[in-house]
Amino acid sequence: MMAWLWRPSLLVAGFAAILVRGAPPDEGTCRSDGVSCSSPEPDAAADDGASLAQLRLQRVAPHASSLPFPCTYSKTYAFPDAVVQEDSKGIEQMESRCAGKGPVNSADEATCILNSNADGYDYDKWPASQVCIYPAGMTPTLNQDECTTLYEKWLNLGLTFVTLPDGTEAATGIGHGVLQGLRGECALLEYQGRSAVIFQVDVRSWSLEITKQTWEWLTKDETPEGHCFVPNVKMIDCTDVPGMK
């Protein structure tokens with residue numbers, strides 16, 4: 001069972017947000033793991049009933065983004081061999097929501113926007129057996145067993161805030177991938193001066209669905225549904241997150 005965490009060093013004026021174990025995002029795409037579009041069976045040991053709104057966080061001053069890329073995802077990058085971990089179904093929703101804002105949608109890549117999938121990315125819905133799914137290797141540097149070990153460390157962190165080596169204060173979560181991300185890798189998202197680090201458990205997609213409490217932190221509780229919320233993103237080493245060595 002993961003512990004509740006209190007971080008008095010993070011307190012947002014006028015905004016109640018949380019730190020507990022996990023809960024997520026409603027308007028999503030199907031999972032593309034070749035099994036089904038339904039939610040995976042929950043892990044009975046987990047309990048994601050609490051929400052980020054249960055702790056008040058200390059104000060974090062807005063800052064200009066230091067991340068290099070507005071969110072896009074690769075439609076073509078394959079790993080393991082011939083496995084393209086992406087899902088572009090329903091991409092016309094992104095084009096409609098981002099009309100007039102210069103969205104990308106080519107044969108190779110497309111814009112990704114924050115989206116909601118109700119509780120689809122609660123931590124208890126994604127055990128390691130449904131994340132680390134490729135015996136041939138999860139990433140060019142991570143095999144299936146290493147992925148399992150790494151992801152179990154992530155689950156043990158729970159929903160919390162971490163300070164990255166460059167000083168960035170970020171919420172944690174799980175969800176879809178960005179850029180050329182693969183299951184078992186991590187990405188840093190920044191939106192409206194707030195940051196989150198996401199462990200990729202599913203495909204890359206225009207519909208950037210992540211843990212509900214995490215996107216609520218990024219958007220200051222404003223639902224992404226119907227909006228074109230494009231975070232800035234970059235890939236990071238999961239082991240740079242405190243507690244992940």
Side-chain angles (χ1 to χ4, degrees), residues 2 21-22 24-25 28-46 48 71-90 107-110 112 117 119-159 172-189 196-211 214 233-245:
M2 298 177 191
R21 288 200 8 165
T29 61
C30 295
R31 289 176 50 196
S32 295
D33 55 11
V35 180
S36 72
C37 292
S38 60
S39 296
E41 290 299 315
D43 180 348
D48 286 307
C71 192
T72 60
Y73 72 97
S74 173
K75 297 180 178 181
T76 57
Y77 177 62
F79 193 92
D81 287 346
V83 178
V84 181
Q85 300 182 42
E86 72 90 36
D87 183 357
S88 295
K89 292 190 293 292
D108 296 322
E109 65 177 359
C112 37
N117 185 21
D119 62 354
Y121 291 94
D122 278 2
Y123 279 32
D124 64 353
K125 291 190 167 66
W126 290 90
S129 61
Q130 292 181 231
V131 176
C132 304
I133 59 176
Y134 298 119
M138 296 301 300
T139 79
T141 61
L142 196 72
N143 65 35
Q144 191 174 27
D145 288 341
E146 291 167 338
C147 174
T148 297
T149 299
L150 191 68
Y151 182 57
E152 287 175 349
K153 289 182 180 180
W154 192 268
L155 293 178
N156 286 333
L157 284 180
L159 277 182
T172 57
I174 62 173
H176 280 167
V178 301
L179 301 174
Q180 292 187 342
L182 303 168
R183 290 173 173 90
E185 294 185 329
C186 290
L188 182 64
L189 281 54
V197 60
I198 304 300
F199 192 106
Q200 183 174 336
V201 299
D202 203 354
V203 294
R204 304 182 296 269
S205 177
W206 65 269
S207 177
L208 182 51
E209 299 163 17
I210 61 177
T211 307
T214 309
V233 300
K234 71 174 181 180
M235 302 304 297
I236 67 168
D237 189 331
C238 295
T239 62
D240 284 342
V241 176
M244 291 296 291
K245 292 291 188 185

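Counting begins at 1 with the first residue of the sequence.
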Undergrad: Any side-chain heavy atom of T214 within less than 4.5 Å of one from L189?
TA: no
Undergrad: Could you state the interatomic distance from CD (E209) to CD1 (I174), rounded to the nearest 0.5 Å?
TA: 12.0 Å
Undergrad: Are the side chains of Q130 and V201 in contact, using a 4.5 Å heavy-atom criterion?
TA: no
Undergrad: To the nearest 0.5 Å, tell me how far D124 CG sits from D119 CG.
TA: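 So the gap between those two atoms works out to 8.0 Å.
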Undergrad: So, for T148 and A128, which heavy atoms are closest and what is the spacing to 0.1 Å?
TA: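 Nearest pair, atom of T148 first, then A128: CG2-CB, 3.9 Å.
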Undergrad: Is the closest side-chain heavy-atom distance between L150 and C132 below 4.5 Å?
TA: no
Undergrad: Checking S205 side chain against S207 main chain: does a donor-acceptor pair fall under 3.5 Å?
TA: yes
Undergrad: Write down the atom of R204, the atom of V84, and the distance for their closest heavy-atom approach.
TA: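 For R204 and V84, the tightest heavy-atom pair comes out as NH2-CG1, 3.9 Å.
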Undergrad: Mind checking the CD1-CD1 spacing from I236 to I198? Nearest 0.5 Å is all I need.
TA: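 So the gap between those two atoms works out to 9.5 Å.
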Undergrad: Would you check if L155 and F199 make a side-chain contact, meaning some heavy-atom pair closer than 4.5 Å?
TA: no
Undergrad: Output yes when a side-chain donor or acceptor of T239 lies under 3.5 Å from a complementary backbone atom of M244, and no otherwise.
TA: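 Between the backbone of M244 and the side chain of T239 there is no qualifying donor-acceptor contact (under 3.5 Å).
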Undergrad: May I ask you to test the Y77-L179 pair for a side-chain heavy-atom distance under 4.5 Å?
TA: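 A side-chain contact under 4.5 Å is absent here.
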Undergrad: Hey, can you tell me if Y121 and H176 have their rings parallel, tilted or perpendicular (30° and 60° cut-offs)?
TA: perpendicular
Undergrad: May I ask you to decide if G158's main-chain N or O and T172's side chain share a donor-acceptor pair within less than 3.5 Å?
TA: yes
Undergrad: Contact between M138 and Y151 at the side-chain level, heavy atoms closer than 4.5 Å - yes or no?
TA: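 When only atoms from C-beta onward are counted, Y151 and M138 do not touch, as no gap falls below 4.5 Å.
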Undergrad: So which atom in L182 and which in P140 form the shortest heavy-atom distance, rounded to 0.1 Å?
TA: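 That would be CD1-CD, 3.9 Å.
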Undergrad: Locate the shortest heavy-atom distance separating L142 from G184; write the atom from each residue and the value.
TA: CD2-O, 3.7 Å
Undergrad: Any side-chain to backbone donor/acceptor pair from K75 onto E86? Under 3.5 Å, distance only.
TA: no
Undergrad: Quick one: does any side-chain atom of E185 pair with a main-chain N or O of Q200 as donor and acceptor, under 3.5 Å?
TA: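 Answer holds: no.
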Undergrad: Measure from the side-chain N and O atoms of W126 to the backbone N and O of G120, and report whether any donor-acceptor pair falls under 3.5 Å.
TA: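 Checked: pair present.
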Undergrad: Do Y134 and C147 touch side chain to side chain, with heavy atoms closer than 4.5 Å?
TA: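 Sidechains of C147 and Y134: no contact.
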Undergrad: Under the side-chain contact (heavy atoms from CB on, under 4.5 Å) rule, what do T76 and E109 come out as? Steps first, then yes or no, please.
TA: CA-CA 8 Å; T76 57; E109 65 177 359; over 6 Å; no
Undergrad: Mind checking the CD-OG spacing from Q144 to S129? Nearest 0.5 Å is all I need.
TA: 10.0 Å
Undergrad: Which pair of heavy atoms, one from V197 and one from C186, lies closest together, and at what distance?
TA: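 Scanning both residues, the minimum pair turns out to be CG2-CB, 4.3 Å.
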Undergrad: Going through the distances and angles, do D202 and R183 end up as a salt bridge (charged side-chain N to carboxylate O under 4.0 Å, His left out)?
TA: CA-CA 6 Å; D202 203 354; R183 290 173 173 90; 3.3 Å; yes
Undergrad: Ignoring hydrogens, what is the shortest heavy-atom contact between V241 and L157? Give both atom names and the distance.
TA: CG1-CD1, 4.0 Å
Undergrad: When you measure from the side chain of W154 to the backbone of G173, do you find a donor-acceptor pair of N or O atoms at a distance under 3.5 Å?
TA: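 Such a contact is found between W154 side chain and G173 backbone.
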